[in-house]
Amino acid sequence: IQFCRKNPETKFKLVITGFANDVSNLFEHEEQIMNIKKTLINSQDICCFIDEKTNLKKVNISKNKIIIINDWDTGGEVLIEILPMASLGLSINLRNLEGWQSLRQRNNNYIMNQVPILSAGFGLDASLNDSNLGFISINKFNGSYYETIEYLEKNPKALEDLKKEIIKLNKTLLS
């Protein structure tokens with residue numbers, strides 16, 4: 001949100017495809033989720049909220065920097081439409097078994113759609129940073145998503161290189 005506010009001409013968009021399928025699994029993070037939702041609601045000038053009744057094809061996504069799909073199930077259903085348009089995928093997970101499983105599935109979705117992966121800085125995908133596989137970790141940028149995205153915005157060749165790497169990884173896995 002901060003990056004989009006400070007860089008209104010950015011090509012990057014954030015798409016949130018739901019916050020949780022079962023909030024009881026996230027009880028220790030419920031306050032953080034509520035703060036994020038409050039910040040998003042206060043950012044409606046750059047956000048577009050989509051619910052299960054919204055036809056995604058009728059939403060003017062181009063004018064919004066942040067697209068929030070409120071319903072977890074709807075978010076999962078529209079991934080097939082969204083991922084081919086993505087230039088960067090976020091891999092953010094809790095440090096628990098569910099997070100580990102989600103990380104694997106999310107990264108599979110990104111790789112199959114040839115979307116470079118921005119890692120939260122821990123776990124398997126963080127260890128793959130610098131591996132020429134299409135991953136970049138926030139660990140290289142003071143643990144900051146903002147600084148990492150700013151770097152990619154200012155260095156389009158770096159993002160192009162990540163894209164080439166993830167395409168190679170995709171081809172290797174499919175062969």
Side-chain angles (χ1 to χ4, degrees), residues 1-19 29 32-33 35-50 60-69 75 78-79 81-95 99-100 102-173:
I1 294 169
Q2 291 171 353
F3 185 82
C4 290
R5 286 225 178 277
K6 290 183 181 179
N7 301 278
E9 301 303 316
T10 184
K11 64 182 177 187
F12 287 106
K13 295 180 182 294
L14 174 63
V15 178
I16 299 172
T17 58
F19 286 97
H29 299 283
Q32 289 174 312
I33 291 171
N35 286 337
I36 291 168
K37 285 183 177 182
K38 188 167 94 176
T39 302
L40 291 169
I41 288 169
N42 292 331
S43 302
Q44 289 191 25
D45 57 320
I46 59 172
C47 291
C48 171
F49 292 87
I50 298 171
N60 185 358
I61 293 176
S62 62
K63 74 172 189 157
N64 297 288
K65 295 295 175 188
I66 301 170
I67 296 100
I68 298 100
I69 301 168
V78 298
L79 274 178
E81 297 173 47
I82 293 171
L83 285 177
M85 297 182 285
S87 55
L88 187 65
L90 295 177
S91 183
I92 304 170
N93 300 288
L94 299 175
R95 295 176 188 252
W100 179 67
S102 296
L103 172 140
R104 294 178 343 151
Q105 182 58 48
R106 184 175 306 111
N107 286 351
N108 284 338
N109 289 337
Y110 291 148
I111 293 165
M112 295 313 293
N113 284 279
Q114 302 177 346
V115 178
I117 299 167
L118 172 57
S119 162
F122 64 90
L124 174 64
D125 55 342
S127 68
L128 293 172
N129 190 52
D130 291 330
S131 61
N132 295 326
L133 293 174
F135 290 77
I136 187 168
S137 172
I138 64 172
N139 291 340
K140 289 180 92 172
F141 303 90
N142 301 316
S144 167
Y145 291 103
Y146 185 98
E147 288 183 32
T148 310
I149 293 170
E150 183 177 57
Y151 166 78
L152 292 171
E153 176 89 3
K154 290 179 179 177
N155 298 283
K157 183 171 180 340
L159 187 57
E160 288 172 31
D161 290 346
L162 288 169
K163 179 73 171 180
K164 288 175 186 172
E165 292 168 9
I166 205 80
I167 288 170
K168 279 194 268 182
L169 176 60
N170 173 284
K171 288 179 181 176
T172 300
L173 292 173

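In this chain, numbering begins with 1 at the start of the sequence shown.
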Those residues at least two apart in sequence (or on a different chain) that pass side-chain contact (heavy atoms from CB on, under 4.5 Å) with L83 are L79, N109, Y110, N113
Quick one: closest heavy-atom pair of S87 and P116, and the distance?
-> O-CD, 3.5 Å
Pair I117-I166, side-chain contact (heavy atoms from CB on, under 4.5 Å): steps then yes or no = CA-CA 8 Å; I117 299 167; I166 205 80; 4.3 Å; yes
Can you sort out the partners of E160 under side chain to side chain donor-acceptor pair (under 3.5 Å), two or more places apart, ordered by chain and number?
-> none
Salt bridge (charged side-chain N to carboxylate O under 4.0 Å, His left out) partners for K157, two or more places apart | D161
In Å and rounded to the nearest 0.5 Å, what is the CG to OG distance from N107 to S119?
-> 8.0 Å
When rounded to the nearest 0.5 Å, the distance separating CD of E150 from CG of N155 is 10.0 Å
Results of side-chain contact (heavy atoms from CB on, under 4.5 Å) for T10 - residues two or more places apart only | F3, N7, F12, K65, E153
Can you name the salt bridge (charged side-chain N to carboxylate O under 4.0 Å, His left out) partners of K11, sequence neighbours left out?
-> none
State which residue, out of I138, L88, N142, fulfils the side chain to side chain contact (heavy atoms under 4.5 Å, CB included) condition with T148.
-> I138
Shortest non-hydrogen contact from Q2 toward Y146 = C-CE1, 3.8 Å
Do you know the tightest heavy-atom contact between G89 and V115?
-> N-CG1, 3.3 Å
Check whether any side-chain heavy atom of F141 sits under 4.5 Å from a side-chain heavy atom of L152, and report yes or no.
-> no
The side-chain contact (heavy atoms from CB on, under 4.5 Å) partners of N170 (sequence neighbours excluded) come to I111, M112, Q114, L174
List the steps and the verdict of side-chain contact (heavy atoms from CB on, under 4.5 Å) for K171 and I167.
-> CA-CA 6 Å; K171 288 179 181 176; I167 288 170; 3.8 Å; yes
